[in-house]
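Keep in mind that this is a model prediction, so the values were computed, not measured. Every chain is numbered from 1, with letters handed out A, B, ... down the list of sequences.
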Amino acid sequence: MLQVAFIRENRADVIKRLEKRNLDASQMIDDVITLDEERRELQTKLDNTLAESNSISKEIGNLFKSGKAAEANVLKEKTTQLKEDSKALGEQLNAKAEALNNLLYKIPNVPHESVPNGNSDEDNEEIFIEGDIPKLHDGALPHWELAKKYDIIDFELGNKITGAGFPVYKGKGARLQRALIAYFLDKNTAAGYTEYQLPHLVNEASGFGTGQLPDKEGQMYHVGEDNLYLIPTAEVPGTNIFRDELLSENDLPIGITGYTPCFRREAGSYGAHVRGLNRLHQFDKVEIIRVEHPDNSYKAFEGMIDHVKNILKELKLPYRILRLCGGDVTFASALTYDFEVFSTAQDRWLEISSVSNFETFQANRLKLRFKNKDGKTQLCHTLNGSSLALPRVLAGILENYQTKDGIKIPEVLIPYTGFDKI
RNA sequence: GGAGAAAUGGCAGAGUGGUCGAAUGCGGCAGUCUUGAAAACUGUUGAGGGUCACACCUCCGGGGGUUCGAAUCCCUCUUUCUCCGCCA
């Protein structure tokens with residue numbers, strides 16, 4: 001969430017920049033400022049009341065010690081009213097602070113200046129494109145047909161065991177999944193990221209920390225009995241490592257990577273565009289997460305982009321990079337670049353990675369701070385990106401690498417798969 | 001699952017009703033010494049709110065209570081450790 005002090009000091013600018021999200025935030029921003037003023041006023045009143053009763057208590061202590069019990073008892077009566085006052089003020093203050101917080105939770109991050117205007121994914125800006133789109137033989141198939149033809153992914157079996165959106169990978173399909181995970185992790189660790197194995201269920205506090213709660217509660221699977229959530233992305237456990245942390249400046253930058261399955265309810269998405277691997281309830285992803293000094297976060301962002309580019313280049317997949325427009329950039333993000341791979345047999349682009357800089361938006365919620373050179377505490381910047389999400393990369397490989405007599409395996413993956421053709 | 005113990009600053013660890021935001025050690029920062037570094041010595045060093053700056057307020061796992069006054073007493077929840085049981 002945004003910092004109140006930042007909103008207060010940059011009121012007009014915040015409103016103007018939020019307009020890029022097609023959001024008129026002026027009312028909310030003004031409410032924040034008013035609520036904050038009221039909150040501080042109550043706080044001062046409460047503080048003064050408490051100060052008075054603290055000093056009386058001290059006096060009472062001294063009087064008792066010097067044997068003046070009668071005088072002490074007179075003072076005791078004075079504190080009764082103060083106690084009532086401070087209780088009432090405390091309740092008002094809590095209510096005010098809660099109202100302020102609830103409002104702050106609803107205000108999205110301020111987009112970076114480079115974010116283009118726009119309403120939907122159609123307004124995203126293509127900033128880079130690379131790789132040759134292969135000419136496929138006649139009768140080239142979309143990946144769900146290929147999966148059946150070569151018996152490497154069984155969607156119906158997943159339906160039987162669990163339900164739609166939980167595919168079963170078999171034989172070379174399963175091995176290819178494992179190969180991709182290992183390959184991605186190796187690339188990430190070679191780039192300096194520390195590998196983590198993270199929990200696949202998280203508690204409520206973690207859900208709030210990265211902002212899935214309270215808003216996107218319906219998108220996560222919830223384990224009611226223990227009040228835990230299945231992670232929709234490794235970002236959640238990975239970033240919550242740093243919840244309530246006060247780092248030293250020397251600790252930065254931090255880069256971690258981890259493979260996890262991801263679970264998404266995807267309530268409300270149906271139709272032809274979700275066929276096959278295009279949209280699943282459970283899928284695999286290797287994530288990269290960075291904690292950065294604010295001065296360095298955009299440089300780090302570029303570094304992450306280059307890193308993902310390098311992987312796609314090695315896989316020899318045709319891809320493009322989009323700078324998301326104000327209408328499409330996610331709630332917590334200031335700047336997001338999406339990577340899309342061209343799926344030749346479907347004749348469409350598939351999103352395979354999304355790299356974002358959240359600046360201090362997540363860190364403010366997480367209370368992730370560092371002590372700067374002057375000894376002051378300051379919020380860190382957080383960033384994350386997929387490196388990479390498996391299913392659509394797999395779709396891209398199957399479709400782009402298909403030949404009349406089998407699917408070739410990208411060269412860099414052969415050491416991981418142990419075979420060069422499906 | 002049963003029995004017991006515990007949760008304190010960046011970390012370790014004292015503190016059982018007022019003089020405690022909290023001893024001590026480590027770590028961090030600054031300085032002295034040194035060609036430089038290390039060691040040693042000296043000083044400094046929790047977080048949040050509030051203020052131009054002070055003052056002041058809050059915080060000793062979370063929540064509630066007793067009391068004029070709570071890190072300290074009571075209730076409750078959570079977590080950790082030890083022993084027993086079960087077990088990949």
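Between the NZ atom of A:Lys76 and the P atom of B:G18 there is a distance of 15 Å, given to the nearest Å. Atom CD1 in A:Ile60 sits roughly 14 Å away from atom P in B:U19 (whole-Å rounding). What separates CG of A:Asp244 from P of B:G48 is a distance of 12 Å, to the nearest Å. The nearest whole Å value for the distance from the CD atom in A:Glu59 to the C1' atom in B:G69 is 13 Å. Between the C1' atom of B:A55 and the CG atom of A:Asn54 lies a distance of 14 Å, rounded to the nearest Å. Following rounding to the nearest Å, A:Arg243 (CZ) and B:G61 (P) show an atom-to-atom distance of 18 Å. Across the protein-nucleic acid pair, A:Asp85 atom CG and B:C57 atom P stand 16 Å apart, rounded to whole Å. Atom CG in A:Leu82 sits about 13 Å away from atom C1' in B:G69, given to the nearest Å.
Nucleotide B:G1 forms a pair with B:C84, judged by Watson-Crick or G-U wobble geometry with both contacts under 3.5 Å. Here B:A6 sits opposite B:U79 as a Watson-Crick or G-U wobble pair (both hydrogen-bonding atom distances under 3.5 Å). Of all nucleotides present, only B:C41 satisfies the Watson-Crick or G-U wobble test against B:G31, with each distance under 3.5 Å. Remark: B:C54 base-pairs with no nucleotide in the shown strands. Criterion, Watson-Crick or G-U wobble with two distances under 3.5 Å. In this structure, B:G46 and B:C59 make a Watson-Crick or G-U wobble pair, each of the two defining distances being under 3.5 angstrom. Across every strand in view, B:A23 sits unpaired, with no contact that passes the Watson-Crick or G-U test at under 3.5 angstrom. Across all strands shown, B:C68 is found opposite B:G18 as a Watson-Crick or G-U wobble partner, with both distances under 3.5 Å.
A distance-only check finds a donor-acceptor pair linking the side chain of A:Asn10 to the backbone of A:Phe6 [under 3.5 Å].
Going from the C1' atom of B:G61 to that of B:U8 covers 10 Å, rounded to whole Å. Between B:U35 and B:C52, the two P atoms lie 50 Å apart (nearest whole Å). Distance check on atom P: B:G64 versus B:A55 gives 29 Å, rounded to whole Å. Using P as the reference atom, B:U67 and B:G15 are 28 Å apart when rounded to the nearest Å. To the nearest whole angstrom, the two C1' atoms, one in B:U78 and one in B:A30, are 41 Å apart. Taking atom P in both B:C81 and B:U16, one finds a spacing of 27 Å when rounded to whole Å. Straight-line distance between the P atoms of B:G43 and B:G48: roughly 27 Å, to the nearest whole Å. Between the C1' atoms of B:G50 and B:C56, the separation comes to 8 Å (whole Å).
When heavy atoms are screened at a 4.0 angstrom cut-off, A:Asn62 is found touching no nucleic acid atom at all.
For the ring-ring contact (aromatic ring centres under 6.0 Å, His included) test, no residue two or more places apart in sequence or in another chain qualifies with A:Tyr169. Every residue two or more places apart in sequence or in another chain that forms a ring-ring contact (aromatic ring centres under 6.0 Å, His included) with A:Tyr229 is listed here: A:His222. Qualifying ring-ring contact (aromatic ring centres under 6.0 Å, His included) partners for A:Phe184, counting only residues two or more places apart in sequence or in other chains: none. Remark: A:Phe166 pairs with A:His281 by the ring-ring contact (aromatic ring centres under 6.0 Å, His included) rule, at least two apart or across chains.
A donor-acceptor pair shorter than 3.5 Å cannot be found between the side chains of A:Asn188 and A:Glu195. Between the side chains of A:Gln27 and A:Asp31, at least one donor N or O lies within less than 3.5 Å of an accepting N or O. Side-chain contact annotation: A:Lys285 with A:Thr233, donor-acceptor N/O pair under 3.5 Å present.
Each of A:Lys87 and A:Lys58 lies near RNA chain B, and the nucleotide nearest A:Lys58 is the one positioned closer to the 5' end. For the pair A:Ser55 and A:Asn250, both in contact range of RNA chain B, the more 5′-proximal nearest nucleotide belongs to A:Asn250.
Annotation: proximity of residues 38-51 of chain A to RNA chain B (heavy atom, distance under 4.0 Å) is found for A:Arg39, A:Arg40, A:Gln43, A:Asp47, A:Leu50, A:Ala51, numbered in ascending order.
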For A:Thr239 and A:Val291, what are the C-alpha separation, side-chain angles and deciding distance, and is it a side chain to side chain contact (heavy atoms under 4.5 Å, CB included)? CA-CA 9 Å; A:Thr239 310; A:Val291 180; over 6 Å; no

Under 3.5 Å, which protein N or O atoms sit close to an N or O of nucleotides 44-47 of chain B? Give each pair with its distance.
| from | atom 1 | to | atom 2 | distance (Å) |
| --- | --- | --- | --- | --- |
| B:A47 | OP1 | A:Lys371 | NZ | 2.5 |
| B:A47 | O3' | A:Arg369 | NH1 | 3.4 |

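You'll find the ring centres of A:Tyr337 and A:Phe301 inside the 6.0 Å limit. Less than 6.0 angstrom separates the ring centroid of A:Tyr298 from the ring centroid of A:His112.
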